[in-house]
Each structure stands twice: as C-alpha cells, then as structure tokens.
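Note that the coordinates shown come from a computational prediction; the quantities given were computed from them, not determined experimentally. Order of the sequence lines sets the chain letters (A, B, ...), proteins ahead of strands, with each chain counted from 1.
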Number of protein chains: 2
Amino acid sequence: MTRPTINDVATAAGVSKGAVSFALNGRPGISEDTRRRILETAETLGWTPSPRARALSVSKALAVGLVIARPPEILRADAFFPAFISGLETVLSTRGHALLLQVAEHEDHAAYRRLVQEGRVDGVFVTDLQVEDERPALLEQLGLPAVVIGPHLGEQPGPRQAALGVDDAPGVRAAVRHLVDLGHTRIAHVSGPQHLVHGRSRRDAWSQALREAGRSEGPCVEADFSAESGARAMATLLDLPEPPTAVVFANDLMAMAGLSLAQSRGVSVPDDLSITGFDDIEISAHLQPALTTVHTDVVAWGRAAATRLLQLVDGVGGVVPDLPEARLVVRSSTGTAPHRRRTNR
Amino acid sequence: MTRPTINDVATAAGVSKGAVSFALNGRPGISEDTRRRILETAETLGWTPSPRARALSVSKALAVGLVIARPPEILRADAFFPAFISGLETVLSTRGHALLLQVAEHEDHAAYRRLVQEGRVDGVFVTDLQVEDERPALLEQLGLPAVVIGPHLGEQPGPRQAALGVDDAPGVRAAVRHLVDLGHTRIAHVSGPQHLVHGRSRRDAWSQALREAGRSEGPCVEADFSAESGARAMATLLDLPEPPTAVVFANDLMAMAGLSLAQSRGVSVPDDLSITGFDDIEISAHLQPALTTVHTDVVAWGRAAATRLLQLVDGVGGVVPDLPEARLVVRSSTGTAPHRRRTNR
DNA sequence: CCGATCGACTAAACCGGTTTAGCAGTCCTG
DNA sequence: CAGGACTGCTAAACCGGTTTAGTCGATCGG
C-alpha cells in the first residue's frame with residue numbers, strides 16, 4: 001500500500017540501508033554487481049525517493065521560492081508571471097526542485113524572513129526590483145541565495161546573489177529610433193513608477209535615445225503600468241498646448257488604454273499620433289491599429305533565472321545562456337509624423 | 001548561528017524533548033508552570049518550528065499544489081492565475097501551508113503522479129476543467145485530495161474531492177437579458193473551446209437565456225479564448241449575410257479583439273453593434289467604448305478553494321463561505337439595437 | 001497502611017533518507 | 001609472512017520534529 005522506502009529495498013536486496021543509499025546515488029564503495037542488484041530491486045519495488053526525508057537529512061529544502069509582490073492587481077496585471085513561471089518550471093522540474101509561491105505585500109520583509117526561517121526554500125527570485133531596494137541586502141544578511149530579475153547590479157553582488165541582466169534599454173531605444181526615423185520630433189513618454197527599476201530604466205533609455213538622435217526631450221508623464229493610469233497620461237499629453245506626435249508607453253497595457261483614449265477623442269493613430277508599447281502581450285497584435293511594441297521573451301528569462309539560482313544554491317559557477325535580446329516589432333500604430341508638424345520644424 | 005531546535009529548548013528549560021513538543025502543541029500532560037517556562041525559553045531562544053522535520057514526522061507535506069496546464073500562452077493569458085493565487089495564499093499562509101506550483105503540458109497526468117509520488121503535497125487544485133476530464137478520477141485513485149475549480153460535479157464526488165461551485169451561467173444570462181432589454185434580436189456568441197467546462201457552460205447559458213427570452217438562437221462561433229481567435233470569430237460574424245446586432249464574447253480578451261476588428265471595419269460600437277465580455281479585466285473599463293462585461297471575483301474563488309482543500313486534507317467538514325455571484329457591469333459597449341434591425345422584426 | 005490510580009514527565013522509537021565510523025577480507029609490499 | 005593500504009560492506013548516528021511506552025511520586029480509596 002504505502003510507498004516502499006529505502007529500508008524495504010535494503011532488506012529485499014539483502015544489504016544494508018547505507019549500501020542502498022550509496023548505490024542509488026552512484027557513489028563509490030559498492031561493487032558493480034551489488035549496485036546493479038540494488039538498482040534492480042529498487043526498480044521492481046517501485047521505489048521513489050522521498051524529498052521530505054532527503055530534505056531533512058541534507059538540510060536543504062529542495063525548493064526555491066518566488067515572492068509575488070503586487071499590491072492588488074495593479075503593476076503588470078499582464079501575463080508576466082504565468083510566462084515567467086513557465087520558464088522557471090522547465091528548469092526546476094528537471095533538477096528535482098519545487099517552486100514555492102508566496103504572495104506578499106510589497107516591502108514585506110516578513111515574507112522573506114518567514115521563507116528562510118521556516119527553511120522551506122534554498123533560494124528565491126526577486127522580481128519587481130525597486131530603485132532603492134532593500135531586499136537584496138536583507139537576503140544577503142539572511143544568507144539566502146537570490147537571483148534578482150533586473151539589470152546587473154551596480155554594486156558588487158554578494159557571493160550568494162546574482163542579477164539576471166535583463167536590460168530593457170535596447171528595446172526602448174529601438175522604438176525611439178524607429179519614431180525618429182519616421183520623422184517625429186515631439187516624442188513623449190508615459191513611464192512606469194520611477195521607484196521601480198524597470199520603470200526608471202525604460203524612461204532613461206527613452207531620454208538617452210532622444211539625445212543620441214539629437215532630438216530634444218519630449219514631455220514625460222509618470223504612470224503606474226495600469227490601464228487606468230495610461231489613459232489618464234494620454235489625456236494629459238493630448239491636453240498639452242503642443243501635444244506630441246508620438247508616445248512611447250512603458251508597457252502594452254498603458255499603450256492600449258492610451259490608444260483607446262486617443263481614438264475616442266478623434267485622434268487618428270497612426271495618422272495624427274504614433275504609439276509604441278512594451279512587452280508584446282498577445283492582444284497587442286490584434287488591436288486596430290496593431291500595436292508597434294517591444295517583444296520580450298519572458299519564458300527565456302525564467303529559464304535563465306532558474307538555472308542561475310540553482311548554480312548559486314549548489315555553490316557552483318557556470319555559464320548561463322544569454323538572454324535573448326528584446327526586439328522591436330513594428331506594426332501599424334506607428335507611421336510618419338503628421339505633415340503639419342514635419343514642416344513646422 | 002544555526003536555528004535553535006526543539007532539543008536546544010529542552011536542555012535550556014531543563015526538560016525532555018517530548019515535554020517541549022507537548023507544551024508547544026498545547027497538549028495535556030504538562031503542568032501550567034512548566035508549560036509557561038518552556039514557552040518562554042522557546043521565545044527567548046527564538047525557536048521556530050521546522051516544517052521539514054514536522055513534515056517527515058507527521059508524514060504530511062504541509063503544502064498543496066497547483067498545476068498550471070496552459071499550452072503556451074493561450075487559454076486565458078489574462079490575469080486569472082495571479083488573482084487566483086493571491087486568494088489561495090491569503091488562506092494558506094495563515095494555516096502554515098505552502099503553495100507549490102507545477103507547470104505541465106496539457107493533460108499531463110504525469111505531473112499529478114509526480115506530485116503524489118514525491119509526496120510533496122497534501123492536495124491539489126484542478127483548474128481549466130474539461131468536459132470529460134480524467135483528472136478527478138485519477139486523483140481519486142491516487143488518493144490525493146483535490147478541489148476542482150468548476151461547477152458542482154454532476155456525479156457524486158469522492159470523499160476526498162470537492163467542487164468549488166463556480167457558476168458562470170448567471171453572469172452570462174444577465175448579459176443576454178441586458179441585450180434583449182435593449183431590443184436586440186440577433187444575439188451571437190463567441191465561445192471558448194467546447195471541451196472546457198467554462199467554455200461550454202457559458203455557451204449553454206447564452207443559449208438558454210435566449211430561449212427564456214423567447215428569442216431564437218443566434219449564430220455561435222467557437223474560439224479558444226485568445227485574442228487572435230476572438231478577432232477571427234468577429235470577422236466570421238460580420239461576414240454573415242445577416243450579421244448579428246450584438247455579440248456575447250466568452251471572455252474580455254476576445255471581446256477586445258472583436259471590438260477592435262469591428263471598429264476597423266467601420267462598424268460603430270455600440271451604435272451598429274453591441275458587445276459584451278466576461279471576466280472584467282482591468283483594461284476593459286478603459287477601452288473606447290468601455291466594455292460591458294461580467295465581473296467575477298477570482299480572489300474570492302482562491303480563498304474559497306484553499307479553505308475547502310484544507311478541510312479535505314484535515315478530514316474535517318465545515319462550511320465554506322459562499323462565492324460572490326458574478327455581476328453584470330454595464331458600460332458603453334452595449335446600446336439599443338440599431339433602428340433598421342429593430343423595425344425589421 | 002497498602003495497592004491502585006492519576007498526573008507530569010522522561011526515554012526511546014519513528015519518519016526516510018544521508019553520512020561517518022568501523023570492520024572484515026584481500027591485495028600489495030618489504 | 002607480518003604490516004599497511006585498499007575494497008566492499010555494515011552498523012549506527014544524525015537531521016528535527018511527533019508519538020508511544022514507561023517511570024516516578026503523589027493522591028486516593030478501602
């Protein structure tokens with residue numbers, strides 16, 4: 001009835017418990033004959049290892065944690081987590097590690113404390129990195145390995161930490177260059193929260209790309225990645241005395257909301273106004289006009305993050321596959337700058 | 001350095017290991033005096049229980065599992081899982097249970113087998129229920145408690161299983177009645193996959209509500225909940241010799257795509273065509289026109305599902321808080337039926 | 001006043017693995 | 001041919017809790 005244990009295998013094979021453990025783990029000190037015999041009996045008995053027992057014995061949890069810190073449903077209500085998790089799992093499951101989820105209010109150090117206190121995980125992923133984020137320091141102090149989903153840390157990361165090296169800047173820069181090439185001169189930005197790293201880095205990239213192109217920096221409205229805030233920001237921009245001819249949104253959700261709002265005011269996209277997004281969520285390709293946006297491979301991020309974290313946990317080095325670079329997907333929400341503006345300059 | 005164990009507490013308090021265990025678990029057989037003394041020393045030593053050890057000892061995992069089976073990013077790329085998980089966690093974390101995630105290819109029985117084999121979980125949630133779903137039977141056979149996210153099972157559920165009792169029908173019926181009240185006579189449906197329970201039940205509700213209202217059943221196009229399929233379905237409907245004046249979409253994502261496609265063809269919403277969705281995702285309120293849709297409280301589902309599963313795991317009965325009923329949110333994507341149609345009848 | 005009962009607690013087994021110490025037997029060496 | 005090294009295995013401790021069996025002293029009934 002109940003699952004066979006290593007003890008059952010031992011008595012069945014006529015050897016000791018320790019010998020079975022050695023054989024199953026491929027350690028030396030067991031002759032080839034006995035090893036084969038042990039493996040065979042284990043097979044026929046249908047033995048499978050008990051992570052519970054192993055975890056207690058080796059003082060490891062054989063699991064890693066992902067803390068989701070999103071207030072209500074704001075902040076990327078998009079498909080980031082499902083896709084990211086999917087990437088994590090493909091790596092973790094083949095390495096015998098489980099993925100533990102915890103939902104915490106932001107700034108919830110207690111959530112991380114509890115994870116390490118209870119010893120349920122061997123490491124964690126840190127998402128939604130903030131600009132002055134205390135969590136890496138906290139985790140370092142707690143001694144819990146961590147992979148931060150964000151750009152490479154400026155300061156030297158601790159020995160048990162790593163940054164994934166995702167960099168949104170090239171994608172945003174490509175979007176800006178695309179707009180510049182279309183002749184736009186007033187290119188605005190609707191940013192994410194500036195206390196979030198990916199909110200700030202996208203804004204910096206927009207600003208820098210404009211400078212590189214020799215364009216003056218257009219207006220920037222800070223929003224919070226939610227559709228509602230995107231619509232509000234679009235309204236603010238349209239109400240400007242000299243509204244922009246192009247808007248770079250920090251994510252698709254806001255871009256969609258902005259697109260809808262513009263259209264409802266009789267502003268034609270892309271004839272009067274060009275719009276770009278970021279993320280390339282599924283719906284973006286099916287809007288009218290289809291959204292020009294930056295495509296990111298979040299599943300690949302997940303795979304890389306999991307690979308790296310397991311390296312940290314096991315204390316080995318190694319090379320992590322490069323992250324695929326974000327690429328601009330040009331659809332029909334961007335077009336040449338409206339004529340009056342073009343001649344204006 | 002290392003965390004104090006129950007043994008440390010015992011020697012510090014000058015009692016035996018067993019006594020400490022009794023005291024900490026509030027079992028009889030310990031005098032009030034010693035109990036207090038033990039609790040105090042545990043407190044000052046900063047003792048916290050080790051789920052690892054407890055799990056091995058009581059032969060339970062102290063964790064429950066959620067298997068996410070979504071092919072790539074299709075099937076509800078929406079915010080269902082984040083919200084649902086958030087609801088699960090509020091209950092689980094207060095009860096000392098962890099949430100384990102596993103991503104599986106569709107219909108991957110092996111995923112469930114592994115979970116129970118490894119003994120990592122005490123129970124699981126089953127989502128995306130199919131019409132002829134083999135998973136409940138499989139789990140029953142494996143002896144793993146399960147809560148099915150779907151309507152109450154027709155057949156008597158096993159002793160270790162429960163259905164959550166979510167019912168999409170009232171929401172869909174309300175949407176159809178709303179359209180009927182607005183004078184629509186050709187009310188179409190863009191459904192989800194008919195092998196999924198929530199795909200089929202929404203379609204059945206649409207069909208039934210039309211009959212109840214004395215209207216003939218309009219055209220129905222089967223789609224797969226993705227934006228792309230929603231756009232295709234909308235195109236099919238518009239190409240009909242006698243296109244519908246209203247379309248009930250099985251989710252918001254498809255409704256959004258359908259809305260965009262209709263508008264791009266010069267069909268005015270809601271003047272020429274009324275559209276309703278299902279889910280009420282955040283963007284829906286910020287489209288132009290804002291989407292009339294059915295609001296569901298997925299977080300509450302999560303809470304209820306977790307509560308019920310823990311009851312099953314602990315083998316106790318009990319009452320689970322009622323699920324909040326889905327409610328129709330009327331916005332501006334629905335309006336009175338176009339005049340020509342109205343007089344047609 | 002003696003044996004039974006009860007309350008409070010200790011000792012030890014147990015969960016299912018890993019790991020270390022030790023113990024035969026064999027082989028090599030001087 | 002004794003001594004040391006090596007091979008292949010066993011026995012037992014250990015991880016950190018829970019739980020059962022048992023001990024000891026005090027209380028109680030007869």
Side-chain angles (χ1 to χ4, degrees), chain A residues 1-39 41-42 45-63 96-98 116-120 122 314, chain B residues 1-39 41-42 45-63 96-98 116-120 122 314:
Chain A
M1 190 58 232
T2 166
R3 274 180 33 218
T5 77
I6 197 175
N7 244 323
D8 301 332
V9 177
T11 57
V15 295
S16 77
K17 207 173 146 187
V20 176
S21 179
F22 283 146
L24 291 170
N25 292 313
R27 281 145 144 275
I30 299 285
S31 70
E32 262 321 301
D33 271 9
T34 13
R35 180 186 307 276
R36 198 167 31 245
R37 187 157 46 88
I38 290 174
L39 292 181
T41 51
L45 257 56
W47 176 87
T48 53
S50 155
R52 289 212 281 265
R54 188 193 304 247
L56 179 61
S57 185
V58 301
S59 298
K60 290 221 217 167
L62 303 177
H97 278 247
V116 59
Q117 273 272 336
E118 298 187 341
R120 290 236 213 211
D122 299 322
D314 296 341
Chain B
M1 190 59 233
T2 165
R3 274 176 38 214
T5 76
I6 198 175
N7 244 322
D8 302 330
V9 176
T11 58
V15 293
S16 77
K17 207 173 147 189
V20 176
S21 179
F22 283 146
L24 290 170
N25 292 314
R27 282 142 141 277
I30 300 283
S31 72
E32 262 319 302
D33 271 10
T34 26
R35 180 186 305 275
R36 199 166 30 244
R37 189 159 45 89
I38 291 174
L39 291 181
T41 52
L45 258 56
W47 177 87
T48 53
S50 156
R52 290 212 279 264
R54 189 193 302 250
L56 179 59
S57 186
V58 302
S59 296
K60 288 217 210 174
L62 304 177
H97 278 246
V116 60
Q117 272 273 336
E118 298 187 341
R120 288 239 213 210
D122 299 321
D314 296 340

A/Ser16 side chain, from C-beta outward: closest of C/dA8, C/dT18, D/dT10: D/dT10
Tell me what A/Val15 touches on the nucleic acid: a base, only sugar-phosphate, or nothing, going by heavy atoms under 4.0 Å. sugar-phosphate
Listed nucleotide nearest any side-chain atom of B/Ala53, set C/dT20, D/dG17, C/dC9: D/dG17
Rounded to whole angstroms, how far apart are CZ on A/Phe22 and C1' on D/dT10? 10 Å
If only atom types and distance count, is the side chain of B/Asp122 paired as donor or acceptor with the main-chain N or O of B/Ala61 below 3.5 Å? yes
Measure from the side-chain heavy atoms of A/Ala19 and tell me the nearest of D/dT10, C/dC15, C/dC9. D/dT10
Taking the minimum atom-to-atom distance to the side chain of B/Ile6, which one of D/dT18, D/dC9, C/dG17 wins? D/dT18
Would you classify A/Leu56 as touching base, sugar-phosphate or nothing, given that sugar-phosphate means primed atoms plus P, OP1 and OP2, and contacts are heavy atoms under 4.0 Å? base
Think A/Ser31 has a side-chain N or O under 4.0 angstrom from the OP1 or OP2 of D/dC9? yes
Counting only distance, no hydrogens or angles, is the base of D/dG16 paired donor-acceptor with the side chain of B/Thr5 under 3.5 Å? no
A/Arg27 side-chain N/O to C/dT18 phosphate OP1/OP2 under 4.0 Å: no
Base, sugar-phosphate, or nothing for B/Arg35, non-hydrogen atoms under 4.0 angstrom? nothing
Kindly indicate whether the side chain of B/Trp47, heavy atoms from C-beta on, has any atom under 4.5 Å from the side chain of B/Asp8. no
What nucleotide, of D/dT18, C/dT19, C/dG17, holds the atom closest to the side chain of A/Ser57? C/dG17
Among C/dG17, C/dT19, D/dT18, which nucleotide has an atom closest to any side-chain atom of B/Asn25? D/dT18
Kindly indicate whether the side chain of B/Arg27, heavy atoms from C-beta on, has any atom under 4.5 Å from the side chain of B/Ser21. no
Send over the distance from B/Lys17 NZ to D/dG16 P, rounded to a whole Å. 10 Å
Without swapping roles, check the side chain of B/Arg52 against the backbone of A/Gly119 for a donor-acceptor pair under 3.5 Å. yes
Would you check if the side chain of B/Arg37 reaches a backbone N or O of B/Ala13 as a donor-acceptor pair within less than 3.5 Å? yes
Using whole Å, report how far CG of B/Leu45 lies from P of D/dG16. 14 Å
With nearest nucleotide decided by heavy atoms, which residue, B/Pro28 or A/Pro4, maps closer to the 5′ end of DNA chain C? B/Pro28
Less than 4.0 angstrom between a side-chain N/O of B/Trp47 and OP1 or OP2 of D/dG16, yes or no? no
Rounded distance in Å - CZ (B/Arg3) to C1' (D/dG16): 9 Å
Assuming nearest nucleotide by heavy-atom distance, tell me which of A/Val20 and B/Val58 is located more 5' along DNA chain C. B/Val58
Send over the distance from A/Arg54 CZ to C/dT18 P, rounded to a whole Å. 5 Å
Can you find a donor-acceptor pair, distance only, under 3.5 Å between A/Ser50 side chain and C/dG16 base? no
Round to the nearest Å and state the distance from B/Arg120 atom CZ to C/dG16 atom C1'. 14 Å
With no hydrogens and no angle check, is any side-chain donor or acceptor of A/Arg3 less than 3.5 Å from a backbone partner on A/Thr48? yes
Base, sugar-phosphate or nothing for A/Ser21? Non-hydrogen atoms, less than 4.0 Å. base
Whole-Å distance, A/Asp8 CG to C/dG17 P, equals 9 Å
Between P of C/dG7 and CG of B/Asp33, the distance in whole Å: 17 Å
Given D/dT20, C/dA13, D/dC9, which nucleotide is nearest the side-chain atoms of A/Thr34? D/dC9
